[in-house]
Amino acid sequence: VGRVVERHVGLDLEFLRQLLRDLTHEIAAPLTPLFGHLDLLELRTAPHQELRFKQALISGIAVDGGRLGFQLESPTDLFVERSELNWCGGKVETHALRLDLTKPDFDLVLYADSIDLHRVLLLIKGFDGDASGRLYGKLPVSIRNGQVTYENGFLYSVPGEGGTLKVNQAGLLTAGVPPTHQGYENLKLAEKALRDFKFSIFKLDLNRTTAAESQLRVTLSGEAVGDETIPPVNLEVNIAGALEQYINMGLKMHRFGPK
């Protein structure tokens, strides 16, 4: 059986289960007069089926459409041969993975291309500002009980393009740093530059440190816009802690995403 389905839906594992029930009913209904009752739960599909969708909500993450190539190997086992998702203004792809339709837990690696920096930063709870630029990278992701956790991954600005960043938070870099610290004045200058900043390099490196905590390293290189009194900025900031807590809270706040 091969068919393309296109719907405007919220996509999660329960939706996939219901969709497969609907498809098997449509397939089996015209055959019932010839063969009698068919056990739809035993139906499997051939490889290379395709599902297209216009909007989805996958474990709380808003996706602006995409497509899945799949095979239903058993009533509970779904083999995703490939996927291409429209997310944060760009594309995210995954390699093959298997899903147990009875459980909401799975692991996958996301390969991102040309995603929008501003929409990514909005996923972090508390971000206040604006940004422009495109990112690419790789993010190993685990979904457990609807919560997103990350392994070692990265998102980098597209080489040669750069972008802009306008951060409104006061004390973004100096919070908790005493004025007597030898690097305090340089951090204050960097904060001032980030109010209206043009970067040539923007990097987010996410590293797992313990089972409960991660470290996010932010690397920036660029200069302030319209203020020649501020020297060029080459900044590396390490943020440690329960980062997924903030990201998951941000996902809930922005779960339907910008239109």
Side-chain angles (χ1 to χ4, degrees), residues 54-58 60-66 84-93 110-139 141 148 150 153-175 186-206 214 216-239 243-244 246-259:
K54 293 181 179 179
Q55 189 179 47
L57 195 64
I58 304 175
I61 302 174
V63 177
D64 302 320
E84 181 180 292
L85 311 176
N86 303 321
W87 181 66
C88 284
K91 297 287 185 183
V92 174
E93 296 182 349
L110 302 175
Y111 297 91
D113 182 42
S114 296
I115 63 175
D116 183 68
L117 171 61
H118 184 233
R119 292 179 64 174
V120 170
L121 293 177
L122 286 178
L123 296 177
I124 302 176
K125 180 181 179 292
F127 173 75
D128 180 15
D130 197 5
S132 67
R134 296 189 301 147
L135 304 178
Y136 73 96
K138 181 178 78 169
L139 287 175
V141 174
V148 180
Y150 302 89
F154 68 91
L155 289 172
Y156 293 170
S157 58
V158 175
E161 287 193 8
T164 62
L165 186 61
K166 297 180 180 180
V167 180
N168 299 327
Q169 284 106 320
L172 176 68
L173 303 177
T174 55
N186 287 334
L187 290 176
K188 289 294 290 185
L189 283 175
E191 284 180 343
K192 186 177 180 181
L194 291 177
R195 295 174 190 169
D196 193 354
F197 188 71
K198 182 178 181 181
F199 63 80
S200 57
I201 296 174
F202 182 97
K203 295 182 178 181
L204 296 175
D205 288 282
L206 188 64
S214 300
L216 177 66
R217 184 171 67 249
V218 182
T219 304
L220 279 172
S221 182
E223 59 187 19
V225 175
D227 191 341
E228 296 181 356
T229 65
I230 303 177
V233 174
N234 293 288
L235 183 66
E236 184 174 293
V237 179
N238 293 307
I239 305 171
L243 298 174
E244 281 95 352
Y246 293 96
I247 293 172
N248 278 294
M249 293 175 70
L251 289 173
K252 291 178 182 178
M253 294 173 63
H254 301 280
R255 61 187 301 156
F256 295 105
K259 300 298 182 186

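Just so it is clear, the values below take in all heavy atoms, side chains as well, and ignore hydrogens, waters and symmetry mates. FYI, the numbering just counts along the sequence from 1.
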Measuring from atom [atom1] of [X] to atom [atom2] of [Y], what distance do you get when rounded to the nearest 0.5 angstrom?
{"X": "Leu135", "Y": "Leu121", "atom1": "CG", "atom2": "CG", "value": "8.0 Å"}
{"X": "Leu206", "Y": "Arg217", "atom1": "CG", "atom2": "CZ", "value": "10.5 Å"}
{"X": "Cys88", "Y": "Asp116", "atom1": "SG", "atom2": "CG", "value": "7.5 Å"}
{"X": "Glu93", "Y": "Leu85", "atom1": "CD", "atom2": "CG", "value": "9.0 Å"}
{"X": "Ile115", "Y": "Leu110", "atom1": "CD1", "atom2": "CG", "value": "9.5 Å"}

> Who are the side chain to side chain donor-acceptor pair (under 3.5 Å) partners of Asn86, not counting sequence neighbours?
Replying inline: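 Testing Asn86 for side chain to side chain donor-acceptor pair (under 3.5 Å), a comparison that skips the adjacent residues, returns Lys91.
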>> Can you list everything that forms a side chain to side chain donor-acceptor pair (under 3.5 Å) with Ser200? Sequence neighbours excluded, please.
In response: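 Ser200 satisfies side chain to side chain donor-acceptor pair (under 3.5 Å) with no other residue.
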>> Quick check: do Leu220 and Phe197 have side-chain heavy atoms less than 4.5 Å from each other?
In response: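 Yes, at least one pair of side-chain atoms sits under 4.5 Å.
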> Are the side chains of Tyr156 and Asp205 in touch, meaning some heavy atoms are under 4.5 Å apart?
Replying inline: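 With C-beta onward as the side chain, the pair touches.
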> For Phe199, which residues count as a ring pair (Phe, Tyr, Trp, His ring centres under 6.0 Å) partner, sequence neighbours excluded?
Replying inline: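 Partners of Phe199 under the ring pair (Phe, Tyr, Trp, His ring centres under 6.0 Å) test: Phe202.
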> Who passes ring pair (Phe, Tyr, Trp, His ring centres under 6.0 Å) against Tyr136, sequence neighbours left out?
Replying inline: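 Ring pair (Phe, Tyr, Trp, His ring centres under 6.0 Å) check on Tyr136 returns nothing, list empty.
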> How far apart are the C-alpha atoms of Thr219 and Leu235, what are their side-chain angles, what is the distance that settles it, and do they pass the side-chain contact (heavy atoms from CB on, under 4.5 Å) test?
Replying inline: CA-CA 6 Å; Thr219 304; Leu235 183 66; over 6 Å; no
Identify all side-chain donor-acceptor contacts of residues 159-169 below 3.5 Å with residues at least two apart in sequence or on another chain.
{"unit_1": "Glu161", "atom_1": "OE1", "unit_2": "Arg134", "atom_2": "NE", "d": "3.1"}
{"unit_1": "Glu161", "atom_1": "OE1", "unit_2": "Arg134", "atom_2": "NH2", "d": "3.3"}
{"unit_1": "Glu161", "atom_1": "OE2", "unit_2": "Arg134", "atom_2": "NH2", "d": "2.2"}
{"unit_1": "Thr164", "atom_1": "OG1", "unit_2": "Ser132", "atom_2": "OG", "d": "2.6"}
{"unit_1": "Asn168", "atom_1": "ND2", "unit_2": "Asp128", "atom_2": "OD1", "d": "3.3"}
{"unit_1": "Gln169", "atom_1": "OE1", "unit_2": "Asp128", "atom_2": "N", "d": "3.4"}
{"unit_1": "Gln169", "atom_1": "NE2", "unit_2": "Gly126", "atom_2": "O", "d": "2.8"}

> If every non-hydrogen atom of Ala224 is compared with every non-hydrogen atom of Asp227, which pair is closest and at what distance?
Replying inline: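 Reported closest heavy-atom pair: CB-O, 4.1 Å.
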Show me, pair by pair, the donor-acceptor contacts under 3.5 angstrom made by side chains of residues 187-196, not counting sequence neighbours?
{"unit_1": "Glu191", "atom_1": "OE1", "unit_2": "Thr174", "atom_2": "OG1", "d": "3.4"}
{"unit_1": "Glu191", "atom_1": "OE2", "unit_2": "Leu172", "atom_2": "N", "d": "3.1"}
{"unit_1": "Glu191", "atom_1": "OE2", "unit_2": "Leu173", "atom_2": "N", "d": "2.7"}
{"unit_1": "Glu191", "atom_1": "OE2", "unit_2": "Thr174", "atom_2": "N", "d": "2.8"}
{"unit_1": "Glu191", "atom_1": "OE2", "unit_2": "Thr174", "atom_2": "OG1", "d": "2.9"}

